[in-house]
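Report on the following structure.
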Amino acid sequence: MATQLKSDALMEQMKLHMSTDTGKQLTKKIGLVYQINIAPKKIGFNEKSFVVDLKKGEVKEGAYEDGKPDATFSFTDDDFLKVASGKMNPQFAFMRGAIKIKGSISAAQKFTPDIFPKPSKM
């Protein structure tokens, strides 16, 4: 049984975002596949995986199955929301150990808050 994450809502918005013109621009510009592992409290524990495929313009729950993603990120639920909403700088989060990154660092550097839809009033 997967835990409800605050990030679930953002990933739902992201799915819709991918079908907009802005979303389509992202796939043209970035063309990379990211796997995001989100843990309720502690990185590495009870993580839920999402694939943000900026090649195909898709977002789905579950691990990436077509080979290897360009970069994989692990976050806690709260830190992911802070980074995605631009409240926490990804480089800063990485230095603090709030993000773990596997895969290509150059791919990871293209993963910025600009990818995500601006949060509507929560």
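With rounding to the nearest 0.5 Å, the separation of OG in Ser19 from NZ in Lys24 is 6.0 Å. Here Thr112 contributes atom OG1 and Asn89 contributes atom CG; the two are 10.5 Å apart, rounded to the nearest 0.5 Å. Interatomic distance, CD of Gln13 versus CG of Asp8, reported as 11.5 Å (0.5 Å rounding). A distance of 8.0 Å separates CD of Gln109 from OG of Ser104, quoted to the nearest 0.5 Å.
Two different hydrophobic clusters hold Ile115 and Leu16 under the rule that ILVMFWY side chains link at heavy-atom gaps under 4.5 Å. Taking hydrophobic clusters as Ile, Leu, Val, Met, Phe, Trp and Tyr residues chained together by side-chain heavy-atom distances below 4.5 Å, Ile99 shares a cluster with Leu5. Clustering ILVMFWY residues whenever any of their side-chain heavy atoms sit less than 4.5 angstrom apart, transitively, puts Ile43 in a cluster other than the one holding Leu10. Following chains of ILVMFWY side-chain contacts shorter than 4.5 Å, one can reach Ile36 starting from Met14, so the two form part of one hydrophobic cluster.
A heavy-atom distance below 4.5 Å is not found between the side chains of Glu47 and Ile38. Side-chain contact between Met11 and Glu61 is absent, with no heavy-atom pair separated by less than 4.5 Å. Using a 4.5 Å heavy-atom threshold, the side chains of Asp78 and Phe80 count as separate. Put simply, the side chain of Asn46 does not reach to within 4.5 Å of the side chain of Lys41, judged on heavy atoms. Residues Met18 and Lys56 have side chains not in contact (no heavy-atom distance under 4.5 Å, counting atoms from C-beta outward).
Looking at Asp79, its side chain never comes within 3.5 Å of a backbone N or O of Thr76 through a donor-acceptor pair. A distance-only check finds a donor-acceptor pair linking the side chain of Asp77 to the backbone of Lys6 [under 3.5 Å]. Asp53 places no side-chain N or O within donor-acceptor distance of the main-chain N or O of Glu58, the cut-off being under 3.5 Å. In this structure a side-chain-to-backbone donor-acceptor pair under 3.5 Å is present from Thr20 to Gly23.
Scanning both residues, Asp70 and Leu32, for their nearest heavy atoms gives OD2-CA, 3.3 Å. Closest approach of Ser85 and Lys82 over heavy atoms only: OG-O, 3.3 Å. Considering all non-hydrogen atoms of both residues, Phe45 and Ala39 come closest at O-CB, 3.5 Å. Residues Gly62 and Val51 approach most closely at O-CG2, 3.3 Å, considering heavy atoms. In plain terms, the two heavy atoms of Lys110 and Ile30 that are nearest each other are O-CD1, 3.9 Å. Contact detail for Pro69 and Tyr34: the closest heavy-atom pair is CB-C, 4.4 Å.
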*May I have the step-by-step check of side-chain contact (heavy atoms from CB on, under 4.5 Å) for Val33 and Lys68, ending in yes or no?*
CA-CA 8 Å; Val33 180; Lys68 274 176 118 156; over 6 Å; no
*Test log, rule salt bridge (charged side-chain N to carboxylate O under 4.0 Å, His left out), inputs Asp66 and Lys55*: CA-CA 12 Å; Asp66 301 327; Lys55 265 186 192 142; over 6 Å; no
*Please walk me through it: do Phe50 and Phe73 pass ring-ring contact (aromatic ring centres under 6.0 Å, His included)?*
CA-CA 10 Å; Phe50 293 91; Phe73 296 91; over 10 Å; no
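With hydrogens and angles left out, the side-chain atoms of Asn37 and Ser49 include a donor and acceptor closer than 3.5 Å.
Classification of the Phe111-Phe75 ring pair by plane angle, with boundaries at 30° and 60°, yields tilted.
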